[in-house]
A.B. asks: 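Structure provided below as structure tokens; questions to follow.
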Amino acid sequence: MKKSYRVKSEKDFQAIFSKGKSCANRKFVVYRLEKEQPHYRLGLSVSKKLGNAVTRNLIKRRLRHIVMELDSGLRHQDFVIIARKGVEELSYQDMKSNLIHVLKIAELFEEGQSSEKEI
């Protein structure tokens with residue numbers, strides 16, 4: 001994922017949390033902030049409660065990969081995905097379906113425009 005597609009600074013995270021809207025399901029919380037920009041920007045948050053560094057990095061890699069698969073169906077906004085307890089036990093496909101579900105609730109993903117690829 002390109003650096004321009006990432007939310008990295010504490011200031012950006014705080015702006016999304018304070019001014020943005022949130023939606024959630026059992027496995028993920030998504031905060032979104034509407035902005036005029038040429039593409040989306042993604043921030044990830046995985047708590048130390050979910051496991052050691054290896055486990056947390058695996059979760060983040062999977063989330064980035066899923067978001068890249070859904071790239072064409074995502075709205076051009078800033079958003080942060082927070083992983084909840086239980087995500088570490090999900091398979092890739094379960095994680096993907098849960099993430100799609102919460103992105104639809106947050107109105108960030110329109111399925112008709114997706115170019116999902118089966119892996």
A.B. asks: Is there a path of hydrophobic side-chain contacts, each under 4.5 Å between heavy atoms of I, L, V, M, F, W or Y residues, that connects Ile100 with Val87?
C.D. replies: yes
A.B. asks: Heavy atoms, side chains only, cut-off 4.5 Å: are Ile59 and Leu63 in contact?
C.D. replies: yes
A.B. asks: Is there a side-chain contact (heavy atoms from CB on, under 4.5 Å) between Asn98 and Arg26? Walk through the geometry before answering.
C.D. replies: CA-CA 8 Å; Asn98 275 288; Arg26 289 182 180 264; 5.7 Å; no
A.B. asks: Establish whether Phe28 and Tyr40 are linked, either directly or via other cluster members, by ILVMFWY side-chain heavy-atom contacts under 4.5 Å.
C.D. replies: yes
A.B. asks: Would you compute the distance between atom CZ of Arg62 and atom CZ of Arg64 and round it to the nearest 0.5 angstrom?
C.D. replies: 13.5 Å
A.B. asks: Verify, without hydrogens or angle tests, whether Arg32 (side chain) and Ala106 (backbone) share a donor-acceptor contact under 3.5 angstrom.
C.D. replies: yes
A.B. asks: Short question: side chain of Lys21, backbone of Leu33 - any donor-acceptor pair under 3.5 Å?
C.D. replies: no
A.B. asks: Going through the checks in order, is the side-chain contact (heavy atoms from CB on, under 4.5 Å) test met by Thr55 and Asn52?
C.D. replies: CA-CA 5 Å; Thr55 304; Asn52 61 14; 3.0 Å; yes
A.B. asks: Would you say the side-chain atoms of Asp78 and Tyr31 include a donor-acceptor pair closer than 3.5 Å?
C.D. replies: no
A.B. asks: Is there a path from Tyr92 to Met68 through hydrophobic residues (I, L, V, M, F, W, Y) whose side chains come within less than 4.5 Å of each other?
C.D. replies: yes
A.B. asks: Provide the full list of salt bridge (Lys or Arg N to Asp or Glu O under 4.0 Å) pairs with a residue in residues 11-20, sequence neighbours left out, each pair given once.
C.D. replies: Asp12-Arg41
A.B. asks: For a side chain to side chain contact (heavy atoms under 4.5 Å, CB included) with Tyr5, tell me which candidate from Leu42, Val67, Asp71 qualifies.
C.D. replies: Asp71
A.B. asks: Within the side chain of Asn25, is there an N or O that forms a donor-acceptor pair under 3.5 Å with the backbone of His101?
C.D. replies: no
A.B. asks: Ala83 and Val46: which non-hydrogen atoms are nearest, and at how many Å?
C.D. replies: CB-CG2, 4.2 Å
A.B. asks: Has His76 got a side-chain atom pairing as donor or acceptor with Pro38's backbone, closer than 3.5 angstrom?
C.D. replies: yes
A.B. asks: Calculate, to the nearest 0.5 Å, the distance between atoms CZ and OG belonging to Arg84 and Ser45 respectively.
C.D. replies: 12.0 Å
A.B. asks: Hey, could you give me the CD1/NZ distance between Ile82 and Lys27, rounded to the nearest 0.5 Å?
C.D. replies: 15.5 Å
A.B. asks: Between the side chains of Glu69 and Lys96, is the shortest nitrogen-to-carboxylate-oxygen separation below 4.0 Å, so that they form an ion pair?
C.D. replies: yes
A.B. asks: Whether the side chain of Arg56 engages the backbone of Leu50 through a donor-acceptor N/O pair (distance < 3.5 Å, no angle test) should be reported.
C.D. replies: no
A.B. asks: Tell me, with the steps shown, if Gln77 and Lys35 meet side-chain contact (heavy atoms from CB on, under 4.5 Å).
C.D. replies: CA-CA 5 Å; Gln77 297 180 5; Lys35 285 181 124 180; 6.0 Å; no
A.B. asks: If I take atom CD from residue Glu107 and atom CD from residue Glu34, how far apart are they, to the nearest 0.5 angstrom?
C.D. replies: 8.5 Å
A.B. asks: Does Phe13 belong to the same Ile/Leu/Val/Met/Phe/Trp/Tyr cluster as Phe79, with side-chain heavy atoms less than 4.5 Å apart forming each link?
C.D. replies: no
A.B. asks: Hydrophobic clustering (ILVMFWY, side-chain heavy atoms < 4.5 Å, transitive) - are Leu99 and Leu44 grouped together?
C.D. replies: yes
A.B. asks: Could you tell me whether Arg6 atom CZ has more than 12 heavy atoms of other residues or ligands within 6.0 Å of it?
C.D. replies: yes
A.B. asks: Donor-acceptor pair, distance only, cut-off 3.5 Å: does the side chain of Ser91 make one with the backbone of Asp94?
C.D. replies: yes
A.B. asks: SG of Cys23 to CG of Leu108: how many Å apart, nearest 0.5 Å?
C.D. replies: 8.0 Å
